Amino acid sequence: MGELLLHTVRAFLVGGALCICAQLLIDLTALTPARILVVFEVAGVALGALGIFEPLLEFAGAGVGVPLLGFGGVIARGVREAVDEQGLLGVMTGPLSAAAGGTTAALVFGYLVCLLFRAKPKSQT
Amino acid sequence: MQTVFEFKEKIEVFSWASAVGKSEHDGPLGRLFDFWDETDRFGKNTWELAESELSHAVLALALKRAGLSHREVAFLFSGDLQNQCVASSAAHVEEEIPFLGIYGACSTCTEGLLLSAVMLNAAEEPLVGAAVTTSHNSAAERQFRTPIEYGGQRSPTAQWTATAGGAFLLRRGEQHPHIVRAMPGIMVDGGIKDASNMGAAMAPAAAASILSYLRLTGTAPADYDAIVTGDLGREGSALLEMLLREKGVFLGDRHRDCGNMMYDPKKSDCHAGGSGCGCSAAVLAGHFLPCLAEGEYRRILFLSTGALMSPASIQQGGSIIGVAPVIELVGGNGNG
Amino acid sequence: MDKQTYGALVKRRAARTRVTSNCLHAFLCGGAICAAGQLLTELYLFLGMAQRDASTTTTITLIFVAASLTGIGVFDRIARFAGAGTLLPVTGFANAVVSPAIDNKSEGLVVGVGAKIFTVAGPVLLFATLSGVVWGVIYYVISLFA
């Protein structure tokens, strides 16, 4: 139980800290949200490539796994494994295979949701 | 060469109507508008058609009040913010009124009134003309910004495109509030590239138009009961004041901005105020024309302010060009 | 007044973003989403899933929740408060896919939804793939000499 609490608190603090970094980029630079997501995504791949992502994931769990950084980290890991198995072909099959779960979920749920709902006008209150 | 057009025949706005969406109805001017829709849909399935319905319905109401039918109208200047001005064409196709679609971004309302006055002066016989302007928040969000359900934070300088519209019927005459003079504005590029600060992009054009108009007519701000800008919002209004002060012109309380009047900044999350071409149209029809008719105002300048840009021009790093045509309106009991 | 002077005046005058409170909101909301993700992962582990499967299932669960909140029109209200707190977690990615899908339903399910579904999230997917490929090539070259 104590371990569960510790993991959750770590995830909260690290995840929250990453969100502060993103918020600072939104508020203090001219970067648009789409660009900021790309920055975190590519940073995740870079951290994975440099071997830093896995220890981070070990420490913070969902704190780095849930933010978009984790998407990049998982892709870096998937690419490495694919290249180990398939050689050069793994370069092509690795990235999207690693991203498949999240991407497919977003597409499928997106399609289902759009069949069920329609947009409501933006509200000021 | 910038010119103030003094109309031989004064052109009176003898009937008008306005309509708004929910956020606008909840604003300080809410009860002044003729009708509103709780869902912003006006009974239609798409936002684009909702705006068309708004455009159609305000004109129908203005005609009904005047006891006229569509067939008695000689021309219609109608504009909106949708691509290719399609809200207006879809709105008025059934009416068989000779149609002239116009696009002046948020300056459309003044542009339509100015052009109507010119047309009515050019005609041999006395005719009735119409000018309609609308904008719709949801249609504009999708087209210019992000999907409606996208979760983002708006910049504090951003403005809120009003779901609003106004229709005006015009003819020669001086009994009702009437247009005595008008001046097309010169476009000004203030170098602003931030689409979240349209007020800043439009303020230089508004300042240039006000200064030119005062100089060309030999008038001073004190000659007008109000100098009304379209949708500069809080940012643009403050910048307008600074730009005019630099030239020694002080508007003070005379300056009113339809964008500032539309929402209550304390109660709503409108940020820098309202915008959209329907904003100035609805506020003119809901507030300023009734005030002119009742003698509360005798003479006003009305400048809808337009920010000329497209999503592509913004993404390509182009600056937002401002334009502000001017009409001078005199109340029914003024001496023109 | 030239453009530079005016631009400086506009910047000086512009209403300020409330950075501190935005960051606080982002921290609390983003932290809460990540903590919820951790609890979900622990739950899936408890149910007997392997570590990686538990993480992937967590991601899919969060995407499902964010997609549903977007559908009922609540996500954008939360995001207005949370800022990067909902943007950066995978919830932001889900919203970026779902919101254009809902928006473009009026233009049809194939050319509307189908073609526009990646208008917001497309860059993330493209650059994820590109950076993955770049890393793959580097790793392949390294592994040749290792």
Side-chain angles (χ1 to χ4, degrees), chain A residues 4 7-8 11-20 22-24 26-28 33-34 37-38 40-42 45 49 61-63 65-68 71-72 75-76 79-80 82-83 87-88 90-92 94-96 98-99 101-103 105-107 109-111 113-114 116-120 122, chain C residues 17 19 22-23 26-35 37-39 41-42 55-56 58-60 62-64 67-68 70-73 76 83-85 87-90 92-94 97-98 101-103 105 113 117 120-121 123-125 127-129 131-133 135-140 143:
Chain A
L4 177 71
H7 288 173
T8 310
F12 186 99
L13 294 177
V14 175
L18 284 171
C19 290
I20 291 184
Q23 188 70 47
L24 288 172
I26 295 176
D27 287 350
L28 302 180
L37 290 185
V38 169
F40 273 86
E41 166 69 56
V42 175
V45 175
V66 168
L68 220 51
F71 206 53
I75 284 171
V79 169
R80 197 175 54 233
V83 171
L88 199 53
V91 174
M92 288 296 169
L96 284 183
T103 311
L107 282 174
F109 297 144
Y111 198 77
V113 162
C114 96
L116 292 173
F117 299 97
R118 60 181 193 174
K120 283 143 213 72
K122 280 209 177 297
Chain C
T17 309
V19 182
N22 279 356
C23 282
F27 176 72
L28 293 175
C29 297
I33 291 170
C34 292
Q38 184 65 37
L39 288 172
T41 310
E42 305 277 354
S55 306
T56 309
T58 300
T59 301
I60 292 170
L62 289 175
I63 288 173
F64 176 77
S68 308
T70 304
I72 59 171
D76 61 324
L87 175 79
L88 190 62
V90 73
F93 177 71
V97 174
V98 180
I102 298 175
D103 225 42
K105 199 165 118 180
V113 177
I117 198 162
V120 185
V124 173
L125 213 61
F127 287 99
T129 311
S131 55
V133 166
W135 159 233
V137 170
I138 295 170
Y139 181 70
Y140 178 72
S143 63

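As the structure is a prediction and not an experimental result, all values here were calculated from the model. In what follows, every chain begins at residue 1, and chains take the letters A, B, ... in the order their sequences are listed.
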Which atoms of [X] come close to chain C, meaning under 4.5 Å heavy atom to heavy atom: side chain ones, backbone ones, both, or neither?
{"X": "Pro67(A)", "result": "both"}
{"X": "Leu96(A)", "result": "side chain"}
{"X": "Leu13(A)", "result": "both"}
{"X": "Ala99(A)", "result": "neither"}
{"X": "Leu18(A)", "result": "both"}

Count the heavy-atom pairs under 4.5 Å between each of [options] and chain A, then report the option with the highest count.
{"options": "Phe127(C), Phe64(C), Tyr140(C)", "result": "Tyr140(C)"}
{"options": "Gly92(C), Pro89(C), Cys29(C)", "result": "Pro89(C)"}
{"options": "Val19(C), Asn22(C), Val97(C)", "result": "Asn22(C)"}
{"options": "Thr59(C), Thr56(C), Val133(C)", "result": "Val133(C)"}
{"options": "Gly85(C), Ala94(C), Gly73(C)", "result": "Gly85(C)"}
{"options": "Ala84(C), Ser143(C), Gly132(C), Gly136(C)", "result": "Ala84(C)"}

Taking all heavy atoms of [X] and all of [Y], pick out the closest pair and write down the distance.
{"X": "Val113(C)", "Y": "Lys105(C)", "value": "CG2-CA, 3.8 Å"}
{"X": "Gln23(A)", "Y": "Ala26(C)", "value": "OE1-CB, 3.6 Å"}
{"X": "Ser131(C)", "Y": "Val45(A)", "value": "OG-CG2, 3.4 Å"}
{"X": "Ala67(C)", "Y": "Phe109(A)", "value": "CB-CB, 3.8 Å"}
{"X": "Ala98(A)", "Y": "Ile75(A)", "value": "CB-CA, 3.7 Å"}
{"X": "Cys23(C)", "Y": "Ile20(A)", "value": "O-CG1, 3.7 Å"}

Going from [atom1] on [X] to [atom2] on [Y], what distance comes out if it is rounded to the nearest 0.5 angstrom?
{"X": "Leu4(A)", "Y": "Thr8(A)", "atom1": "CG", "atom2": "OG1", "result": "4.5 Å"}
{"X": "Ile33(C)", "Y": "Phe12(A)", "atom1": "CD1", "atom2": "CZ", "result": "10.5 Å"}
{"X": "Lys120(A)", "Y": "Ile72(C)", "atom1": "NZ", "atom2": "CD1", "result": "8.0 Å"}

Select one option (side chain, backbone, both, neither) describing which atoms of [X] are under 4.5 Å from chain A's heavy atoms.
{"X": "Ile138(C)", "answer": "neither"}
{"X": "Ile60(C)", "answer": "both"}
{"X": "Val124(C)", "answer": "both"}
{"X": "Ile117(C)", "answer": "side chain"}
{"X": "Thr17(C)", "answer": "side chain"}

Of all of [options], which one pairs up most often with chain C through heavy atoms under 4.5 Å apart?
{"options": "Cys19(A), Gly87(A), Gly15(A)", "value": "Cys19(A)"}
{"options": "Gly65(A), Ala34(A), Gly94(A), Gly101(A)", "value": "Gly101(A)"}
{"options": "Gly61(A), Ala119(A), Ala49(A)", "value": "Ala49(A)"}
{"options": "Glu41(A), Met92(A), Arg80(A), Lys122(A)", "value": "Arg80(A)"}
{"options": "Leu107(A), Leu116(A), Leu88(A)", "value": "Leu88(A)"}
{"options": "Thr103(A), Val14(A), Leu37(A)", "value": "Leu37(A)"}

Determine whether Phe40(A) and Leu88(C) satisfy the following criterion, side-chain contact (heavy atoms from CB on, under 4.5 Å), listing intermediate values before the conclusion. CA-CA 8 Å; Phe40(A) 273 86; Leu88(C) 190 62; 3.5 Å; yes
Any side-chain heavy atom of Val79(A) within less than 4.5 Å of one from Val91(A)? no
What class does the angle between the rings of Phe93(C) and Phe71(A) fall in, given that below 30° is parallel, 30 to 60° is tilted and above 60° is perpendicular? tilted
